[in-house]
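Atoms considered below: every heavy atom in the structure, side chains included; atoms not considered: hydrogens, waters and symmetry mates. The first residue of the sequence shown is numbered 1, and numbering continues consecutively from there.
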Amino acid sequence: MFRGYKQPLKDEDIWLLRKSDRAEEILAKFSKAIQKEWHKVKPLHAVTEFSSPLPLENHNRISQEIKEEKEVLLKSPSMQMTRQSLLKIIVKTFGMQYLLTTILMVLFTAFLFISPQLMSLLLAQLKNPSAPSWQGFLVAALLLICPCCQSLFLHQHDYICYVIGMRLRSAIIGSVYKKALVISSAGRKSCSAGEIVNLISTDIQKLMDLATCLNYVWSAPFTIIVAMYFLWQTLGVAVFAGVGVFILNLPFMTAFGVVLKKLQEEQMKQKDSRIKLISEILQGIKVLKLYAWENAFMKKVNEFRIQEMKAVKMGALMLSGALAVFVASPFWVALTMFGVFLTVDDQNVLDAQKAFVTIILLNILRIPLRMFPLALTLSVQSSVSLKRLAKYFSETELEEGNVETIDSSSKNDVTVEDGTFTWACSEPPSLRGINITIPKGSLVAVVGQVGCGKTSLLSALLGEMEKVEGHVATKGSIAYIPQQTWIPNATFKENIIFGGEFKKDWYDSVISACALLPDLKILSGGENTEIGEKGVNLSGGQKQRISIARAVYRNCDVYLLDDPLSAVDAHVGQHLFEQVIGPNGLLKNKTRVLVTHGVSFLPQMDKIIVLSEGRISEVGSYYELLQRNGSFAEFLQTYASNSEQDEEEKSEITSEAVQGVKCKKGTKKAAGDDSARKELHPEMDDLEIDDNIGDGKLTEADVALTGRVKLSVYLDYLKMMGKWYLIFSAIFFIIQQVAALGHNYWIGLWADDPVINGTQQNKNMRLGVYSFLGILQAVGIFAASASIIIGGVSVSRKLHTRLLYSVLRCPLSFFEKTPSGNLTNRFSKEMDTIDNIVPQILMMFLIMTLTIVEILLVIALATPLAAVAFIPLGLLYFFLQRFYVATSRQLKRLDSVSKSPLYTHFNETLQGVNVIRAFKEQERFIQESNHRLNTTQRFYFSSFVANRWLSVRCDLLSNFIVFIVAVVGVLFRESITPGLVGLAVVNSLRLTSVLKEAVHTATDLETNSVAVERVKEYCDAEPEAQWTSDHASELDNWPSAGRIEFQNYGLRYRKDLDFALRNVTAVFQPGEKVGIVGRTGAGKSSLTLGLFRILEPATGKICIDETDISKLGLHELRCKITIIPQDPVLFSGSLRMNLDPFDNYSDENIWVALELSHLKSFVASLPDGLDHICSEGGENLSVGQRQLVCLARALLRKTRILVLDEATAAVDLETDDLIQSTIRREFEDSTVITIAHRLNTIMDYTRIVVFDKGEIVEFDSPSRLLENKGLFYSMARDANII
């Protein structure tokens, strides 16, 4: 606390968690409870063990040793977790700890009722002039001691509850993460990444909040019953009238609870949809910007947001109503009791003793009346959250039995017998009748058309698909290279080692063989360069080569390669095949299953598997399949015309030709080896020097701000709320507080009314004014709180709109250096705080501030001498508050910042879960998740411990005020009436809770305002150029020709980096077909980024049809150019939405585009046609089909300029040929720019641009470039084109 006051706290200032609070310990206990619950339902046994596969014979029996040693992740295939069973598991894990809190709550409740009895004794002593003064001083001392004991019990209770809540959070988050590592593909379809992030942010928060106030569910009714008993002793039968009012309140509270539950469910449903869409937007932001689709998706997000805010607004009104009922309840009860008490018998007198003991008891009732509905509301919300968690935990998991283990003596490494596989039980099988035998050390190719099941076959071998029938078995360790690369946010070196042991010689060999040495020289920090999420700062080829290097470095027994050569240049692909995959590569002794579309590699395969419509149509060696003259031979004769043999030689393959091919490849290999050896060590020496030049840091960690929340943050918040909300709420706050002050002081005057003839005069007048002031207070608090909360909802809506607009307006570089977890955190957790918490805390802060003023005024009016003590105690209170806030605020910031890495890690894991599972790296990722979870828990723990520290001291301070008032009353009892002393003591006792609440509310207001501050941080992010310009009306028919001119164009990625492109001067004539080629890092993709103004020019300019594109709005430019990107990105939603998010085209136009992109038959076969729902990332379509969807988008827009960024890398040669012919025909009059890895696709283009080191080195027709025998000639030769 002292350190936090003197200077802003840092990570290293916070103490480590105790062992019992660490995620690993808690998760182990929670898993045991799950295991016990699991065995009760007698399930099939399916143990998940990460280190090595479970032997097949153990799958159907459970031994005691297995119970002890192995960990059950979540559930068995036969166990459907319900809300009740999950609750049971939680109770078993944390129930005994909670028992202690129950004992503490009993003690707290007992001490709660001592104060009214002491008050009664004090007032009796003051009424009796002959009573000795020491009795009064003794009672005053007890009024100090008893409340201190009461507060100590309460704060110890709260501390333990917070610890249990924290542990529950660790258990649930850890279990959700573990579940994510075993959930099947079918399970993932119903649980998007956004929904899972919501489970670990919003839902777990509800459970933590419930843990702190669950005891009030039983203690509140108990407290009410005891209070009623004491009230009955004081007022007799009149208490039953009060009980009647309480009972009448119950339907209102029940109604509030039911409505709030429905609103909560609706809000969470809309929030899930919104976060899911935002997560997808962040993942596919590059595509959104290239297509200029930001507005369409912004509109979709806002539609979800509007529905979400309706629920939040209604919830706010319900809350205001509940608050008014809560504030008014003790008043109505008091009014009814006093009224009945005075009416029952004219001789009944409302003296100070009766009045103030009653009021103390009714003030005691405020705690259960406030906490009971809150506990019920949280119980309802937690019930919803438990239901959502149970649903997630019940999703189907991958079964270990899907893939069996082959005996070590077997000659085969992979076998499949009569295998039928599906992605989900509810879907038809994707693969049928699969029979495969792959001997150890063989090289097997899997070929076939787009969507025929090639990726599904590899997934089946990994156990990622559900096995309907048959047997799958593998031997040894498996490495997997996915078609869509997954690169986690780590350094270059960490990505390749991927948790393995670092072996320098092997590492050097791997990066050399994977052609990564030139890239290491380019990267700013060498091998220590940080690679952003999803490899955002790498080209597609670089990502794929790192993915290959990661697999090769593992040195596994079996390699499953899903078309890894499609994303790299032809000559690089040849190098990778020769140096890594092929018969003479690093993996020559390994078993390799290669999905490929490259015909040139097929002659070197030991076996080729031909897939067609989910079945194996042919199996054999290259030459066996040719001799059969089947579909494979026809395919080759049509599409392998670029091989070195002549057409007439294809039908007669001689052994000499085969030997010649092998010798030629061997010669190249030897030459390559020699050059690699010569270059390896000097390059590594260079890299070690380069490492010192730059640290290679890319992403910006979420940084905690320091110091107080700026005044401008509060002023901006109030400004966004609007003056009318503020004026309206101010008027009603003043009305309610004046009414509260009046009715408080009125009861003191009433209690001192003289008794004449056994009764008090003016009873009806006193009762009438008292009731009027009470009603005025209730109406005032409802109107004031409703206006503040609804005003806060209005601010929340505006802030979200600003945040979304600002983030989408940011340049692509912003997303490369900002982890998606930071942004997801802003849109989920921080916006949830601004939606639901900040308006409520602002309202409570105003109420508490005005209540303190009211109480101090009452005490000062009743006992002026006691008011003298306010000055030192007030200063002490102010110092305590500032002392605490400085620490608490910074802890809150550190807590918020620590959540972002947790969410980022979650998102990354969900994207690459198939790779993590294939490499058996689950345990390492679980440890990393636990580490990040422990980090955030450290700050949370420190935060609530600091909160308890303040509460104890605040209670002590306010108890001193009670003591001082009581002493002043005893000392000056001749001059101060019992009524006024009673009034002062009652309000002093009230001050105990109000002061504490005020400090916490003030602190919560500041610490939760950090959410506003953090959202505003991105609201003010530096935007890219304007989306629209003043020239919009002039651009209707632009570009009419499609002429592109580069004038001394230069481009750099950041101001501190070298030029990526320099001195680019070229003219692409209208209708020209221009190919862009060059080795990795030459600047091919940079040209595309410049053309779309993803990056702004550093020098020169680009003109399209004589118009300088830098003068246009970004949307005006990007809408007029079409790109088919290298990475096909789809969003969850209908196929129609993915093709035309703005609804600009008719269904007829879309069907034409689908026909031209060769997707019509596939879409027509789908039950919902164009309304077919694409899953998140388009995962229910193959990569090739996704690429064809991107082609259909281009055909719909049909602009004058078309850019293809290696758009056909993921499709087979036959489909590639169809796509190329479609582009030639449909874009005949358009200027087509193709960034090519497959040189054969651009050999018939008008001209070809050859880039090297960011400059144009050759620019001419293909035939002339070949004649010149320059760089293009050497690339064509490497690709076997010539």
Side-chain angles (χ1 to χ4, degrees), residues 177 180-183 185 188 192-193 196 279-280 282-287 398 455-456 458-459 461-464 478-500 514 516 529-554 556 559-568 595 698-699 815-816 819-821 824 903-922 924-926 928-929 1125-1130 1175-1179 1181-1183 1186 1209-1210:
Y177 187 80
L181 291 171
V182 295
I183 195 168
S185 174
R188 269 300 302 276
S192 70
I196 295 172
S279 294
E280 288 193 67
L282 296 176
Q283 301 302 336
I285 190 68
K286 186 175 180 181
V287 168
L398 295 177
T455 298
S456 296
L458 296 193
S459 297
L461 296 179
L462 288 168
E464 296 282 332
I478 295 178
Y480 173 58
I481 304 172
Q483 188 173 17
Q484 283 198 300
T485 54
W486 174 70
I487 306 290
N489 180 202
T491 65
F492 175 94
K493 183 177 177 181
E494 287 166 347
N495 262 288
I496 289 174
I497 296 169
F498 201 57
C514 294
L516 284 166
T529 301
E530 183 187 4
I531 297 170
E533 282 182 73
K534 297 179 76 180
V536 289
N537 52 334
L538 300 175
S539 70
Q542 287 169 327
K543 285 190 282 187
Q544 194 63 273
R545 279 180 283 122
I546 288 174
S547 182
I548 293 169
R550 176 174 63 205
V552 176
Y553 187 82
R554 295 294 280 214
C556 292
Y559 282 80
L560 304 179
L561 304 97
D562 193 356
D563 203 14
L565 304 180
S566 62
V568 297
V595 170
L698 172 76
T699 55
F815 299 94
E816 290 174 355
S820 63
T824 307
Y903 298 148
T904 301
H905 187 247
F906 243 90
N907 281 328
E908 271 194 348
T909 302
L910 292 169
Q911 290 158 22
V913 69
N914 54 347
V915 177
I916 296 167
R917 289 196 285 236
F919 284 96
K920 302 276 190 247
E921 282 291 320
Q922 295 102 315
R924 180 168 67 86
F925 274 78
I926 287 169
E928 176 62 23
S929 173
Q1126 186 173 4
D1127 294 325
V1129 175
L1130 268 62
S1175 62
E1176 192 175 1
E1179 288 180 359
L1181 299 179
S1182 74
V1183 178
R1186 284 178 244 168

Heavy atoms of Arg554 and Tyr559 approach each other most closely as C-OH, 4.3 Å
Heavy-atom check, side chain of Glu908 versus side chain of Glu928, under 4.5 Å: no
Validation row: Thr455, Gln483 side chains within 4.5 angstrom (heavy atoms): yes
Determine whether a donor-acceptor pair (N or O, by modelled atom type, separation under 3.5 Å) exists between the side chain of Tyr480 and the backbone of Asn914. no
Please give me the minimum heavy-atom distance between Ile481 and Ala551, naming the atom from each residue. CG1-CB, 3.5 Å
Would you check if Val915 and Pro482 make a side-chain contact, meaning some heavy-atom pair closer than 4.5 Å? yes
Test item: Leu910 and Ile196 side chains (from C-beta on) under 4.5 Å apart, heavy atoms: yes
So, does Arg917 use its side chain to make a donor-acceptor pair with the main chain of Leu181 at under 3.5 Å? yes
Please tell me if the side chains of Lys920 and Gln922 come closer than 4.5 Å, counting only heavy atoms from C-beta onward. yes
Under the side-chain contact (heavy atoms from CB on, under 4.5 Å) test, residues paired with Ser456 that sit two or more places apart: Trp423, Ser430, Leu431, Met465
Nearest heavy atoms of Leu458 and Leu560, plus distance in Å: O-CD1, 4.0 Å
For His905, does its backbone N or O pair with a side-chain atom of Thr909 as donor and acceptor, under 3.5 Å? yes
Kindly give the heavy-atom pair with the smallest separation between Lys543 and Thr485, and that separation in Å. CB-OG1, 3.6 Å
Could you pull out all residues at least two apart from Ala549 that satisfy side-chain contact (heavy atoms from CB on, under 4.5 Å)? Ile496, Val510, Cys514, Leu516
Can you tell me how far CD of Gln911 sits from CD1 of Ile487, rounded to the nearest 0.5 angstrom? 11.5 Å
Provide the closest heavy-atom pair for Gly463 versus Leu398 in the form atom of the first, atom of the second, distance. O-CD2, 3.4 Å
Could you tell me whether Arg924 sits above the aromatic face of Phe498, with NZ or CZ closer than 6.0 angstrom to the six-membered ring centre and within 45 degrees of the axis? yes
Side chain Trp486, main chain Val913, donor-acceptor under 3.5 Å: no
Heavy atoms, side chains only, cut-off 4.5 Å: are Ile546 and Ile531 in contact? yes
To the nearest 0.5 Å, what is the distance between CD (Gln484) and CD (Gln544)? 10.0 Å
